[in-house]
Every structure is written in C-alpha cells, then in structure tokens.
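Below you'll find the structure, written out as structure tokens, and then a few comments.
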Amino acid sequence: MSEPILELRNIIKTFSEGPVLNGISLSVEPGEFITLLGSSGCGKTTTLRIVAGLETCDSGRVLLEGRDVTDEPPERRGVNMVFQNYALFPHMSVEANIAYGLKIRRRSRADIRRAVADALALVQLPGYEKRMPSELSGGQRQRVAIARAVVNEPKVLLLDEPLGALDLQLRRQMQIELKRLQKQLGITFIYITHDQEEALNMSDRIAVMKNGVFQQIGSPAEIYDRPKNAYVARFVGSANILKGTAETRDGRLCLSSGGVVCPVTCYGAEPRAGEALTVAVRSEYIDFLPEGAEGFPATVKEKSFAGGMLRLALERPGGEEIVASRHGIDSDLMPGESVRFTFAPEHAVVVEAGDET
Amino acid sequence: MKRKLSGGNAAFLAPMYLFTVVFLIGPFVYMLVLSFLTRAETWGVVNSFTLRNYRRILEPLYFNTFVESVKLAVLVTALVAALGYPFGYYMAKLPPKRRGTMLMLVMIPFYTSSLMRLYGWIIVLRANGLLDKLLMALHITSAPLKILYTYPAVAVGMVYALLPFMMLSVYSSVEKMDWALVEAARDMGATPARAFLTVTLPLTMPGLMTGVILTFVPSMGLFFVADILGGNKIVLVGSLIQEQLMKVHDQPFAAALSVIMMLMMTVMIWLYRRVTGSGEMEGVI
C-alpha cells in the first residue's frame, strides 16, 4: 500500500457549545475520492476545516504526505478548499480570483495567464477572464471557485458541500463533471455532503459521520449493502429497520419479530439465540406474499409514485413503518388493505446485535 | 429611485421639496449671491456686482489660512484613520455581546456636548495639567510641556472630536465582511497580512472612505476647537469665516470663503463617489 496522502489521527475538537469531534481517524490514499457524509452538525465541516488549517484541533494529529501539519497555518499546507458559498472575491475579476494563489507563489505573468486560461477551460468557462463574480450565475461561480482551487495544484482538494446551493438538474450535471475533473487531474478529493445519493454516485469511499464519530468507512457498495449499524442503514438509502430477537433455525440465524421468523445475514459476530437483533432491509427488497403464506403482517397506509417508482408505506401492528418500493406502477394494492411481506435472507442485514445496544 | 412619480406621490412629497428649497437651496443661493456683492462702508451690503471677494481669498494672508486648514485636516484625517480603523475593526470582530457595550462606550461621549468635552481637554493639556503631571511623575519629562494653545493641542482636540465617525463607519463595513473570503485567501497561500491588504482592506474601503469624508470635511470648519485649544494662534478657514461674519461684519467676504469651502467639500464627496462607485455613505448618517 502506498503512503497515505492525508492522515487524521484521533482528532478531538470541542467548541463552547459542546464536543464536535470525538476522536476521528482517517487515512486517505492518493487520488482517492472520499466523501464525508452526514447530516448538519455531525462535524464534517469541522473536520474539513481542521484539514485546511482554518480550525485548530484540541488533540490529535493531521499528516499530509507523512508530514505533521497540525500546527501549520493554512497558507503552508498545500491543500485547497472549495467553500460552501464559493467565497469568490467580489472586488476581483474571474481572472484575478483564479490568479490569486499563483501571484502569491510569484509565478511569471505569462505562466499565470496560461494557467488561468487552462483552469477556465477545465471547468468549461473559457473566455470568462474579465467577468466579475457578480455577473455570473450560481453554477458559473461554482466553476470559478473550483478553477481557483485546482489551479494551485493542491495535494488534496477539500470541497465543502460545493453543490449545495445549486438546483437539482445542475447538481446532477456538476456531479458528473466533478468526477471527470477528479479523474483527469488525479487530485485527491475530500468531499462533504449531506446528500447520500450524491455520495453514492461520486465517491470511491464514504465515511458516514454522526455526532463527531465515523460510523462506517467503506466503498459505496459496502455502505449500501452492508451497513454497520442502524444509523448508517437508515441514513444511506433509508433502509427499513426491523427489531426482534435472534433465533437459530436449521443452523441459520433468524430474526423473530411479532411471531414471524425469517432468516437473515450477519457479517459480524453472530448473536446468541434470544438476544436482541436489529435488521435492515432496503425498500426494494420487501417482497409481498400471497394470501395465507407466512410473513410479517402489515397494513398499506399510503401509495405514491416518485420518478417511475411505486412507493408503498406499510404499518406493522406495532406501529413501525415499513417502506416498500417497486419499479413500474403495477401494484394493485390499495391503502387500507392487509398484506404480508418478507425478504430474502441475503438482503436482510444485521445492523445491531446483542443486548448492549 | 428613478421611478416616475404619480400625482398623488408628488403631493405627499411636496412638504419635503418645500423644506429643501426653503432651508437648503434658498440659503445657499442667498450666500452665493452675497459673495458677489460689495460690502457697504459702514454696515451691510451694497447691491453692486464684484469679484473682489474671491480675489481677496488669493491674498497670502487668507490663502495661507486655506493651506494651513487643509494641512491640518489632512493630518487630523490621517491620525483619525490610523487610530479609528483598527479600533472599528476590532470592535466589529468582538463577540456580539461585548460589541454592544463597546458601541455604547463610543456613543456616550459622542452625545455629550462637544464644547464640554473640549473644556475637559483644557484641564488635561494645560501647563501643569493632568498630562504634564502624569508625564513628570513617570519621569518621562522634567518640565511642563505646555501643550495647550499649540498646534498639537488643536490636532489632538480634532482627532478626539472626529474619531467616533471613523470608528463607526469602519465598524459598520467590517461588520458586513464575509470572513470566508479571508479564509479563502489564507487557503490559497496568503499570510494574514497579505490577506488583510488584498481582501479585507479593499472590501472595507467604503467604510474607511466614509470615515475620511466625515473627518476631513468637518475638520476644515471646526473653528471652535481651534479657538478653545489653540488660543488665537491657530486660524483656520472656519475661524476666518466666523471672524469675518461676526467681528468684521464683512458678509460678502465671509460668503465667498464659505462658497470656496463648500466647493472643496463637493469635490471631496465627488471623489469619494468615484472611488467607491456608490452614492451611499457607509453606516453613519
């Protein structure tokens, strides 16, 4: 394995309002696209700011290419950031904005002009040198902000919800472009978002964050298919959570809930029979059973269509909500009807086991 | 506001126009006309056109007064900017709670009679006054400095009187700063000093310029500061106008002096608008 380009070692940070980061560690490979995913207030922006040097940490170390930069000011770190609201200098032209970092590094005028033109071509805004930021649309400002950061050839590019202020269509387009840019430049990206779809689309790895702790770090497929806990399962792809007790049948671990027993998959240490068990099942893996078959009873509460998907909200006798989704709009189930559902064992993943949780 | 006024709106605005004409344009036209008339032998004005009043301003005695006034105004403005900018800046960066307290502390003397505060300076600056005693007690000086009734005393008094304008106008523009911009500058390799010079300073320039206008313009005319702290030794344009009007009773000449001073201020404000590209003054007013 190559040397990590960025390493966070047990970072702790407390603001006056309370702890923000509770000892996070992360190792990033060169050229990787890693996303910090979490809802607002989870500490993802603080993590990024600590990497950039805009925030100090109470304890822990930040290493860039093996060099300890924990106490270095931001101007001596060699990382660049794309700010949430772009932070373009309003009193400078697009060209002056992009050239800002190059001028500090005393590059020649001809060099700067060429680099600016290249950067603008890269973000598909050629010829925009003389414009002022106030004359640009949101998407264009975003591109300039990215050009301004990548022109400095950072070791690591930090992106703080860069697409947050854009509308959905532009977001999708920019997602593809950012990914292309990252591959083309070979720069390590650390990307922040609260949008799980965006994270799944773009990342090589995702670090799901909650309350200043990484809940799970892994590839999108791992995060999606093998969530480590109920929070990850729910946050990424909003999985259904079923609680019950562990049981063993024919040598297989099963979930027993409301008198129904169904085999499940466990990637960690298997719980003993009788212990509490929580299972996550994604909405597309909820299968309906014909009348009379053994399955979990529920009532259809709501039926809606979203982007070619049929979405059925079910309610179990205990009151828990289960969401089932189908491609196409072919279900003849109507709200108020009673149904029985089950799921294939390989799609029911144990996210919490044992009595301690 | 270039919207066309409907009849109804015009009616509502009439009192404002009336006020402007009666109290602003009227007196100004009166003064302008007066400045081209001849002074009567004994008292009042004779209705005969002359440029003599303006020619008199070019006489060395009066012209030097203008030059000295401008010099003092430049000095005072520079000092006020040097002291007021950092203060306004740090005030804006204080946590909101303490910011309010600081604003109060700045505003309280601001609302106290300026004449009274100037007499306070006499107590501080006079020979063997507070300042002399303090400096001698600290063995910094061995004899009283006798600052009162000197040029520095006038400068100190003016700086003191005008500092709040600068602090408040700088404060209001620094308060509006988007600090992410400074972070972006640092992120791209700028040292704190460079980030300040290339980002914070240009973006707070309107506040600084407003402060400069609000300092420079009145410092040309604060004749009572020169009178009280300068004795009769320092004569400024303000004092000159007051003297010509109240003591010499040469109304046309006083008017001509006033017209020239107003022209200078107009040029200042025009320059300000050119520099900041806006007609609005930052903060105060």
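Just so it is clear: chains get the letters A, B, ... in the order the sequence lines come, proteins before strands, and each one is counted from 1. All values below come from the heavy atoms of this structure, side chains included, with hydrogens, waters and symmetry mates left out.
- In this structure, A/R109 places its CZ atom where only 12 or fewer heavy-atom neighbours from other residues, nucleotides or ligands lie under 6.0 Å away.
- Within a 6.0 Å radius of CD in A/E153, no more than 12 heavy atoms belonging to other residues, nucleotides or ligands are found.
- The environment of OH in B/Y90 is sparse: at most 12 heavy-atom neighbours from other residues, nucleotides or ligands sit within 6.0 Å.
- B/L203 touches chain A through its side chain: at least one heavy atom from C-beta onward sits under 4.5 Å away, while N, CA, C and O do not.
- With a 4.5 angstrom heavy-atom cutoff, A/L88 touches chain B only via backbone atoms.
- Here B/L181 contributes atom CG and A/M92 contributes atom CE; the two are 9.0 Å apart, rounded to the nearest 0.5 Å.
- Highest contact tally toward chain B, considering only A/A149, A/G53, A/P90, A/P154, is held by A/P90 [criterion: heavy-atom pairs under 4.5 Å].
- Proximity to chain B involves both the backbone and the side chain of A/F89, based on heavy atoms less than 4.5 angstrom apart.
- Of all the heavy atoms in A/P74 and B/R186, the pair that sits closest is CD-NH2, 3.5 Å.
- If you measure heavy-atom distances from A/R76 to chain B, you find no contacts under 4.5 Å at all.
- Of the possible donor and acceptor atoms, none in the side chain of B/D187 sits under 3.5 Å from a partner among the backbone N and O of A/A52.
- Annotation: maximal heavy-atom pairing with chain A below 4.5 Å, among B/A185, B/P202, B/P192, occurs at B/A185.
- Highest contact tally toward chain A, considering only B/D178, B/V182, B/V199, is held by B/V199 [criterion: heavy-atom pairs under 4.5 Å].
- Shown here for A/A87 and B/A180, the closest heavy-atom pair between the two residues is CB-O, 3.9 Å.
- Note that CE of B/M188 and CD1 of A/I98 are 10.0 Å apart. Values are rounded to the nearest 0.5 Å.
- The pair B/E183-A/R49 meets the salt-bridge criterion, with a side-chain N (NZ, NE, NH1 or NH2) lying under 4.0 Å from an Asp/Glu carboxylate O.
- Taking each heavy atom of A/F83 and B/A184 in turn, the nearest pair found is CE1-CA, 3.4 Å.
- Within a 6.0 Å sphere centred on CZ of A/R113, other residues, nucleotides and ligands contribute 12 heavy atoms or fewer.
- Interface residue A/N80: backbone and side-chain heavy atoms are both found under 4.5 Å from chain B.
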